[in-house]
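Whatever order the structure lists them in is the order used to number ligands and atoms, beginning at 1.
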Amino acid sequence: MKEALGRAADWIVAAERVVVSTGAGMSKESGIPTFRDAMDGLWAEYDPTELATEAGFRKDPRRVWSWYAHRRRMIEACRPHAGHFALAQMERLLPSLLLVTQNIDGLHAAAGSADVVELHGSIRRLKCLDHAHPFAGAPVPVENGDGGAAAADDTGLSGDLAGRVPNAPASTEEEEEDPPPCPVCGSPLRPDVVWFGEMLPERAVERAWAGAERCDVLLMVGTSGTVWPAAELPRVARAGGARVVEVNPEAGDFAGAVDLFLQGPAGQVLPALLDCVGRRLGAQRGRQGQS
Ligand code: BJW
């Protein structure tokens with residue numbers, strides 16, 4: 001493992017551009033179940049691929065809204081872990097690093113990552129079903145991962161951590177709730193996430209694909225590679241000549257598109273990788289200072 005970490009760190013330090021792409025496994029050690037794990041307890045009898053669709057919401061808005069309210073309450077109680085902080089620190093060490101995530105939980109921003117490309121939206125924002133009118137909830141400060149208070153903006157929307165949503169009391173009670181109506185058009189509010197069969201946000205896709213095409217190293221963290229189009233990123237990066245490094249306790253479904261596998265949980269592997277990268281950059285700067 002030590003040798004593999006060193007090799008990955010060598011590639012990262014030599015790279016002009018690095019892309020990091022994270023999935024549900026990234027947040028597992030913060031206590032957030034993966035999408036499929038989220039179907040436990042009261043929700044075990046439902047098919048996630050039916051709940052996470054527009055058709056599922058139209059058929060039973062109360063059920064889908066309540067599932068998201070349950071997950072949102074759980075996510076609000078979670079904090080970033082050492083792996084999230086390691087990536088935020090890596091962004092500061094490597095200014096060309098682009099962080100792309102399929103996660104909807106906002107934990108990268110909470111850890112201090114300044115620029116996060118969210119491919120599947122955010123559970124912390126709402127929009128209406130029929131016209132995608134954004135819903136500006138009353139802004140409240142939310143504790144960030146350092147125990148401080150992240151500033152809320154004046155809309156409660158643009159900062160992922162700033163919005164407080166309606167019908168999401170802090171209690172853990174599991175009563176079903178109806179989605180509130182959009183104040184503009186009256187259609188039901190829904191989470192601003194990407195459901196199956198929906199297009200991903202155009203700007204996020206453009207940035208992620210341009211990043212993957214041009215990067216020298218793609219670091220894939222905690223994704224199974226089963227959901228498209230995000231699963232395409234390693235092949236896009238490979239086709240552009242990049243090296244692909246995977247961080248995961250179990251190898252994902254990337255059919256030969258991975259150059260180096262760092263086996264283990266994100267919360268352990270990423271801080272160790274950051275340490276190797278930091279040492280190499282320090283040595284490099286020391287040599288430059290001497291010459
Ligand atoms: C650890 C760890 C630790 C554990 N440390 N790691 C082409 C081919 C086939 C299908 C399609 C295709 N194109 C489109 C589709 C259909 C569909 C799709 O992909 N279906 C698949 C099920 C086959 N895709 C879409 O519909 C997408 N839209 C689209 O393509 O639009 C164009 C279009 C429109 C109309 C028709 C046709 C095309 C949209 C996909 C949106 C996905 N949305 C979700 C829900 C978001 C909201 C919510 O959460 O409720 O996003 S689905 C869910 O899966 C969620 C996740 O972001 C996503 C990805 O999951 P991820 O991150 O890979 O997690 P897991 O759970 O699968 O894996 C966890 C991993 O972590 C594992 O590897 C563990 O080992 C690891 N792990 N502990 C590190 N400690």
Between Pro201 and Val194, which heavy-atom pair has the shortest distance, and what is it?
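Answer, listing the atom of Pro201 first, then Val194: CD-CG2, 3.7 Å.
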
Structural part of [X] in contact with ligand 1, heavy atom criterion under 4.0 angstrom:
X	answer
Glu198	backbone
Ile104	side chain
Tyr68	side chain

Is the shortest N/O to N/O distance between [X] and ligand 1 below 3.5 Å?
X	answer
Lys28	no
Phe196	no
His120	yes
Gly222	yes

Which ligand 1 atoms, with their elements, are less than 4.0 angstrom from a heavy-atom of [X]?
X	result
Gly23	62 (O)
Thr34	66 (O), 69 (C)
Pro229	30 (O)
Pro265	3 (C), 5 (N), 80 (N)
Pro249	1 (C), 2 (C), 3 (C), 5 (N), 6 (N), 77 (N), 79 (C)
Thr226	21 (C), 23 (C), 67 (O)
Val193	47 (C)
Glu29	3 (C), 5 (N), 80 (N)

Residues which pass salt bridge (Lys or Arg N to Asp or Glu O under 4.0 Å) with Arg203, listed by chain and number, not counting sequence neighbours
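Expected list: Glu206.
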
Quick one: look up the protein heavy atom nearest [atom] and list residue, atom name and how far away it is.
atom	result
atom 14 (C) of ligand 1	Trp228 CB, 4.0 Å
atom 5 (N) of ligand 1	Ala266 N, 3.0 Å
atom 53 (C) of ligand 1	Phe35 CG, 3.4 Å
atom 64 (O) of ligand 1	Ala24 CB, 3.4 Å
atom 60 (O) of ligand 1	Arg36 NH1, 3.8 Å
atom 49 (O) of ligand 1	Arg71 NH2, 2.7 Å
atom 33 (C) of ligand 1	Met199 SD, 4.2 Å
atom 34 (C) of ligand 1	Gly197 O, 3.3 Å

Check Arg280 with Asp10, please: is the shortest side-chain N to carboxylate O separation under 4.0 Å?
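Counted as a salt bridge, because a side-chain N and a carboxylate O are separated by less than 4.0 Å.
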
Do NZ/NE/NH1/NH2 and the carboxylate oxygens of Arg17 and Asp216 come within less than 4.0 Å?
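Salt bridge: no.
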
Heavy atoms only: which of Val227, Thr223, Val194, Asn248 lies closest to atom 44 (C) of ligand 1?
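Result: the heavy atom closest to atom 44 (C) of ligand 1 is in Val194.
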
Identify which of Gly25, Ser122, Ser224 has a heavy atom lying nearest to atom 3 (C) of ligand 1.
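It is Gly25 that holds the nearest heavy atom.
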
With side-chain contact (heavy atoms from CB on, under 4.5 Å) as the test, pick out the partner of His81 among Lys28, Glu29, Gln268.
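Option passing the side-chain contact (heavy atoms from CB on, under 4.5 Å) with His81: Glu29.
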
Given Ser113, which partner from the list Met90, Glu91, His84 fulfils the side-chain contact (heavy atoms from CB on, under 4.5 Å) test?
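Of the listed residues Met90, Glu91, His84, the side-chain contact (heavy atoms from CB on, under 4.5 Å) partner of Ser113 is Glu91.
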
Taking [Y]'s backbone N and O only, do any of them form a donor-acceptor pair with [X]'s side chain (distance below 3.5 Å, no angle check)?
X	Y	value
Thr53	Phe196	no
Glu177	Ser66	no
Thr34	Gly25	no
Asp192	Lys127	no

Counting the benzene-type ring for Trp, do Trp195 and Phe57 have ring centres under 6.0 Å apart?
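Yes, ring centres under 6.0 Å apart.
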
Strictly inside 4.0 angstrom of [atom], do you find any protein heavy atom?
atom	result
atom 37 (C) of ligand 1	no
atom 74 (C) of ligand 1	yes
atom 42 (C) of ligand 1	yes

Just wondering, do Val19 and Val100 contact through their side chains at under 4.5 Å, heavy atoms?
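Sidechains of Val19 and Val100: in contact.
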
Polar side chain donor-acceptor pair, Thr223 to Gln102, under 3.5 angstrom
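There is such a pair (donor and acceptor under 3.5 Å, judged by atom type) between the side chains of Thr223 and Gln102.
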
Does any donor atom in the side chain of His108 or Thr22 lie under 3.5 Å from an acceptor atom in the other side chain?
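Looking only at side-chain atoms, Thr22 and His108 do form a donor-acceptor pair, the distance falling under 3.5 Å.
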
For Leu93, check side chain to side chain contact (heavy atoms under 4.5 Å, CB included) against everything at least two apart and list the hits.
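Testing Leu93 for side chain to side chain contact (heavy atoms under 4.5 Å, CB included), a comparison that skips the adjacent residues, returns Gln89, Leu274, Leu281.
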
Arg279, CZ atom: more than 12 neighbouring heavy atoms under 6.0 Å:
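Counting neighbours around CZ of Arg279, 12 or fewer heavy atoms of other residues, nucleotides or ligands fall under 6.0 Å, so no.
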
